[in-house]
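All values below come from the heavy atoms of this structure, side chains included, with hydrogens, waters and symmetry mates left out. Lettering follows sequence order; numbering is per chain, from 1.
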Amino acid sequence: MISSVEAWFKGRGWTPFPFQREVWRRYLAGESGLVHVPTGFGKTLAAWLGPVMEGAGAPGAAEVPSKRGDAPPLAVLWITPMRALAQDLVKNLREVTGEVAPGWLVEGRTGDTNSTERGRQSRRLPTALVTTPESLSVLLSREDAAERFAQLQCVVVDEWHELFGTKRGVQTELGLARLRRLAPGLRTWGLSATLGNLPEAMESLLGSGPGTDAGALVESDRRRALEVRSVVPREIECFPWAGHMGLRLLDEVAAALDSARTALVFTNTRAQAERWYQALCYARYDERDRIALHHGSLDREQRAEVEAGLAAGRYRAVVATSSLDLGVDFSPVDLVVQVGSPKGIARLAQRAGRSGHAPGLSSRLLCVPTHALELVEFAAAREALERGDSEPRAALQRPLDVLAQHIVTVAVGGGFLPDELLEEVRTTHAFRDLSDEEWTWALDFTRFGGETLAGYERYARVVEGKGGKLVIASRRTARDHRLNIGTIVGYGSLDVKFRGGRRLGTIEEVFVSRLRPGDAFTFSGRSLELIKVEDAAAIVRVASKPATLVPRWFGGRMPLSSELAKAVRRAMSSVKETLRTGETSGAPELDGVAPLFARQAAVSRIPEPDELLIERVRTRDGDHAFLFPLEGRIVHEGLAALLAWRATRAAKVTVTQAVNDWGLELVTRTELPVGDDEWAELLTPEGLLEDLLACLDGSGLARRHFREIARVSGLVQQGLPGARKGQRQLQASAGLVFDVLTEHDPENLLLEQARREVMERTLEFSRLRAGLEELRSRTIHVERPGSLTPLGFPLWAERVRERVSSESWEDRVRQMAERLQARSSVAAAPHPATPGADRQSVTGERRKDA
DNA sequence: GACCTGCTGCGGTATG
């Protein structure tokens, strides 16, 4: 049989790669598995899939007849996390396999798929379907789901690393378990980029049902050369306050773009993308039409145009956020620029992989630091990439909101027998440890909303039908449920529109609320003037003057990953070594920041990987303690709150805090009552959870987070399309339900889930705990530099920002930087380091000078 | 023209 695959490739003038042969051999033997493919091999994959698709599940099997009437039923299902990918894949497959119409369809939204195609699909599915996890759920919610999927032979999940570890991933797992029940013998294959825990990712993809124990992890033999370089500023500032925009290096970046055919410029935030787009248009004014902008708050249509332009090679540069991390292949791209730290090894690899798609080309990546310490992060990330390190993804455990949604989906899709569904659900990785109690609870929840809500008709979604089967309560409930399928919950945002009605994208309510009509801001690369706010839309016109105000959005917080943090510690050791020996470290970035670390070493200490550095400094502001655990900003936030709380339990003092990815700062007007030998005690992981809940208003956090759980589980509905319930209203109804449950049903499992998720997501609790455990084995060094150090200074600036108005902040930070700089040029010899005269090491001793 | 962080992703009704 494998020979027919060979023939398939040969007929197209291709030779399959060894890993493709391996996949095929296993596929034909009826196995399932996960293929580990580095990013940027999309076309190759289309080719890999070609024979499956064409042979409707088995290469060499009957060709798909060209007439619709006798086409075989759905045989191959391909799931991608993005609709654009689905559409692109269908296009590629058509090119690769020739027209296999009309069996190839993309299931999409009403607005995207024309109604005749959709109508056809509702009668009968195509032979091969490319779709999303949400659409799979919608398909499973059709009454005849069982028949429709009965002939399914193969399901492929693309970009599994994107879905794994998320609620969308769990939704996919549940859908796959359902499919395996409906189509016994179904083979499941996944494609994943590099991930720290691929075996677990595979387990979760395949589940534990019959026929899935023969899972194979196939390593691709494809590797692409990667060239990572950084812009190293000639003059390094020892006191890097310059913020996170990075525009100081605009000229260098513009020059790099000149040497590239097409470049992607990645930034970490949308506001940053807007600014960089503006700045690049300014720097290369004649080419401004060939520069584009792309981020998640821009209108879909506009983004699609940019994507098409990229693929066609119409642009010199596109400035983007993670919105272009995934998506179709842009072969013309031959340079990727990363502005600001990537914060993770995998993210850097992913972005690098967006360039050099033509065979034989290598990926070129140019890193642009936005302040001096980021040079260390870049050097560290490259070293980690070379070592082959990558971040693992934590699998989600028993998210009951997703389970509740799935139960209703199955009830709508023809109904179920409870015992059978339980057995099926337990074959998924996410629910393998689901207890009987949890199951009963989830089931009751869909039947009457649980104890507290029983009696309200709208919570009785599932009822007993014929033969003990549980089915959906009414047609109306079924419709409402379909409208609520999915696990992505958005934030309150307003459309930005021209008076004529053309939509530009969305901005946050909070931002608009601070504007008055007539105010101008930059958005979508244009200067816009606000006319009025009307029906959840900000109506704008083109402003006559350039605007400097840029909207800010609430987004993820992207802390430095643990793996990258480890690499940063190694990099610091290597700088230390360089300073000692006077030889180069081999990394230009590290050589570049050496003067900064020389200063650090002179006045304080460069922490070794097995040390925790604490700096105590007195300034006019008061008493400072700087700690550098290097655990990422989210952990530092929790830790700062915890330390402040623990430190002041006895004494009454007000502690202000600041954090960044490297460390945290605690400041008190009077003395911070912590002796040098007391830090270890304050940092103990014992009683961590209780203390955190006590000092962080755990229930307030949980209440806000409950909105997502209420939406996913179906407790609150978001209304009909077009007449979408406002997010604020959604928050309000979810808050109400939260309060009712808290009062009358405190043991409610969804409340518990909200508390659990908030701990993990907004506090990274596991990482914090692990970090504290590790700190136990580290040696604590308390240093007393005479002034702020290079490591401490950014934290000082960060904290000051929160208290002063915008203009004076910059002034103040600049003045302080200059003052320190002046002092340091007297005190510290540049390179190699000499012990500073103002250094006072009092490790282990109690402070006396307060 | 002036730098003060925060990303991404999806779906659905009804009638002619």
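Contact annotation for A:Arg475: no contact, since no heavy-atom pair falls under 4.0 Å across all strands. Among the protein residues, A:His295 comes within range of the sugar-phosphate backbone only, with heavy atoms under 4.0 Å from sugar or phosphate atoms but none that close to a base. In this structure, A:Lys167 reaches neither bases nor backbone, as no heavy-atom distance under 4.0 Å exists between it and the strands shown. Looking at heavy-atom distances under 4.0 Å, A:Gly486 makes no contact with the nucleic acid at all.
When distances run from any side-chain atom of A:Arg633 to the nucleotides B:dC3, B:dG9, B:dG6, the shortest one goes to B:dG6. Ranking B:dC7, B:dC10, B:dC3 by closeness to the A:Arg168 side chain, first place goes to B:dC10. Of the candidates B:dT13, B:dG1, B:dC10, B:dC10 carries the atom nearest the A:Arg83 side chain, counting heavy atoms from C-beta on. The side chain of A:Leu483 lies closest to B:dT13 when the candidates are B:dT13, B:dC4, B:dC10. The side chain of A:Tyr282 lies closest to B:dG1, out of B:dG1, B:dC7, B:dC10. Of the candidate nucleotides B:dG1, B:dA14, B:dC10, B:dG1 has the atom lying nearest to any side-chain atom of A:Ala279. Of the candidate nucleotides B:dA14, B:dC10, B:dC3, B:dC10 has the atom nearest to the side chain of A:Glu134. The side chain of A:Met82 sits closest to B:dG9 out of B:dC3, B:dG9, B:dG6. Distance from the side chain of A:Ser323 is smallest to B:dG9 among B:dC10, B:dC3, B:dG9. For A:Arg270, the listed nucleotide lying nearest its side chain is B:dT8; candidates were B:dC10, B:dT8, B:dA14.
Rounding to whole angstrom units, CD of residue A:Glu374 and P of B:dG6 are separated by 15 Å. Between the P atom of B:dG6 and the NE2 atom of A:His636 lies a distance of 20 Å, rounded to the nearest Å. The interatomic distance linking A:Trp553 (CH2) with B:dC7 (P) rounds to 8 Å, in whole Å. Summarising the geometry, the separation between CD on A:Glu798 and P on B:dC3 is reported as 16 Å, rounded to the nearest angstrom. Taking atom CD on A:Gln272 and atom P on B:dG1, their separation rounds to 21 Å, with Å as the unit. Atom CZ in A:Phe266 sits about 11 Å away from atom P in B:dT8, given to the nearest Å. Atom pair A:Leu549:CG and B:dG1:P shows a separation of 15 Å (rounding to whole Å applied). Taking atom CG of residue A:Asp251 and atom P of nucleotide B:dC3, one finds them 17 Å apart after rounding to whole Å.
The aromatic rings of A:Trp553 and A:Phe523 sit tilted relative to each other, their planes meeting at an angle between 30° and 60°.
Side-chain N/O atoms of A:Arg300 include one lying less than 4.0 angstrom from OP1 or OP2 on B:dC10. Side-chain nitrogen and oxygen atoms of A:Arg552 include at least one within less than 4.0 Å of the OP1 or OP2 phosphate oxygen of B:dG6. In terms of phosphate contacts, A:Arg303 brings a side-chain nitrogen or oxygen within less than 4.0 Å of OP1 or OP2 of B:dG9.
Nearest-nucleotide positions on DNA chain B for A:Thr269 and A:Ile488 put A:Thr269 closer to the 5' end. Residues A:Thr487 and A:Asn268 each lie close to DNA chain B; by heavy-atom proximity, the contact nearer the 5' end of the strand is made by A:Asn268.
Using a 4.0 Å cut-off between charged side-chain N and carboxylate O, A:Asp621 and A:Arg799 make a salt bridge. Between A:Asp495 and A:Arg503, at least one side-chain N (NZ, or NE/NH1/NH2) sits under 4.0 Å from a carboxylate O, which counts as a salt bridge.
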Worked verdict on A:Lys343 versus A:Glu377 for salt bridge (Lys or Arg N to Asp or Glu O under 4.0 Å): CA-CA 8 Å; A:Lys343 302 293 178 198; A:Glu377 294 181 31; 3.6 Å; yes
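The side-chain heavy atoms of A:Glu252 and A:Leu249, taken from C-beta on, include a pair separated by under 4.5 Å.
Residues forming a salt bridge (charged side-chain N to carboxylate O under 4.0 Å, His left out) with A:Arg767 (at least two apart in sequence, or on another chain): A:Glu631, A:Glu764.
For residues 160-171 of chain A, every residue pair satisfying the salt bridge (charged side-chain N to carboxylate O under 4.0 Å, His left out) rule, not counting sequence neighbours, is listed here: A:Glu134-A:Arg168, A:Lys167-A:Asp401, A:Lys167-A:Glu708, A:Lys167-A:Glu757.
For B:dC7, the base has a donor-acceptor partner in the side chain of A:Ser322 [N/O atoms by modelled type, under 3.5 angstrom].
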